[in-house]
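Comments concern the structure below.
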Amino acid sequence: MRHFISLLDLSPEELMSLLDRAAELKNEVRQGRYSQSLQGRTLALLFDKSSTRTRVSFEAGMNQLGGYTLFLSPAEAQIGRGEPIEDTARVISSMVDIVAIRTGPHGNIIKFAENSAVPVINALTDFNHPCQLLADMMTVREHFGRTNDINVAYIGDGNNMCHSWMIAAKQFGFDIKIAVPVGFEPEADLLEACQDRVTMTSIPSEAIMDADVVVTDTWISMGQEDEKQQRKQAFEGFTVNEMLMKNASNDAIFLHCLPAYRGYEVTAEVLEGPQSVVWDEAENRLHAQKALIEFLLNEKK
Ligand code: CP
Ligand code: NVA
């Protein structure tokens, strides 16, 4: 049985064939065709945190392929009243075929997976967001025809999205320059593990020079609302605006996992501008995750 807790859980070859399948599934939707590959299958979504894209893409995706989804928030489940993760995992995984979890502490999802009889998908933790990177890589490939041998610039917080891009650089074979304010660096262990692909700076115009792909994320992730003022100050100068974008290569694309906060990490002009592919990127969550669920369920047979 396989889980998808990090991009490292799949080999580079498996990731590429997953992107192939995602493109096929996208094409089927465009033609109004839906295969029924997930008929009779149930996906449980256990979400501790808010979500629009992740929840809707999982629910719509399961529905399109003939499966069923049930959504549980802690307020509704006994886990919110203190039932241990281990017990919850044993019980839920005895009844459904696959589980996707969105939670803060990364350890929660590891603990769940250790006690689960079915595949577990990471739908975001404070450490990483691998489902997002499947969609992001799919979008990159739609534009450049490849996912390797590209220059990526990540401007902003050394957070879960930054970590995910670093791991993607290793798995997909591209180079990434990361610009973060001092004190907001990604985790040191991960940085060391990815050092052959990652360059760090605290100067956004350095990171973005000649980039093919420019990425940012919110300065205030879920759970950091109390730090809003302090973070807004610390990230001054890190807004991806048209002037900064001029340093990227001429055919560069702009990506953002969304939700975006215009005027903070990105200006409205860039987000809505001709280089932005954020809406394709968001749609690709649907296709990439359908391919992921098929893959994990096939591996379990
Ligand atoms: N990008 C992303 O995961 O969005 P949601 O928080 O809306 O799911
Ligand atoms: N870094 C953001 C990503 C949201 C999809 C957060 O964790 O809130």
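When a ligand or atom number is given, it counts from 1 through the structure's own listing order.
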Just let me know how N160 lines up against ligand 2, side chain, backbone, both or neither, with a heavy-atom cut-off below 4.0 Å.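 The side chain, only.
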At under 4.0 Å between heavy atoms, which part of D126 makes contact with ligand 2: side chain, backbone, both or neither?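 No part of D126 comes within reach of ligand 2.
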Test the R55-F71 pair against the cation-pi criterion, namely NZ or CZ under 6.0 angstrom from the six-membered ring centroid and within 45° of the ring axis.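 Pair R55/F71 counts as cation-pi.
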Anything with a heavy atom under 4.0 Å from ligand 1 counts, so go ahead and list those protein residues by chain and number.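 Protein residues near ligand 1 are S51, T52, R53, T54, R102, H129, Q132, C257, L258, R285.
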Rounded to the nearest 0.5 Å, what separates atom CG in L25 from atom CG in D20?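 Here the interatomic distance stands at 11.0 Å.
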Within the structure, does [X] bring an N/O atom to less than 3.5 angstrom of an N/O atom in ligand 2?
X: M222; result: yes
X: S221; result: yes
X: H129; result: no

Tell me whether N241 contacts the main-chain N or O of M243 through its side chain, where contact means a donor paired with an acceptor under 3.5 Å.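 Side chain of N241 to backbone of M243: a pair is present.
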N247 side chain reached by L244 side chain, heavy atoms, under 4.5 Å: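 In short, these two side chains touch, coming nearer than 4.5 Å.
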Kindly indicate whether the side chain of E86, heavy atoms from C-beta on, has any atom under 4.5 Å from the side chain of K111.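 Of all side-chain heavy-atom pairs linking K111 with E86, at least one is under 4.5 Å.
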Show the atoms of ligand 2 that are less than 4.0 angstrom away from any heavy atom in L124.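 Matching atoms, with element in brackets: 3 (C), 4 (C), 5 (C), 7 (O).
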Give the atom numbers and elements of ligand 2 that come within less than 4.0 Å of a heavy atom of N159.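 So the answer, numbered in order with elements, is 1 (N).
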Just one of T54, D126, T125, T103 clears the side chain to side chain donor-acceptor pair (under 3.5 Å) bar with K49, so which one?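 Exactly one candidate clears the test, D126.
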Lys/Arg-Asp/Glu bridge criterion (N-O < 4.0 Å) met for E14, R2: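 Salt bridge: yes.
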Applying side-chain hydrogen bond (donor to acceptor under 3.5 Å, both in side chains), run through E142 and T139 and close with a yes or a no. CA-CA 5 Å; E142 285 172 347; T139 312; 4.7 Å; no
What about the rings of F184 and F235, do their centers lie closer together than 6.0 Å?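 Ring centroids of F184 and F235 are less than 6.0 Å from each other.
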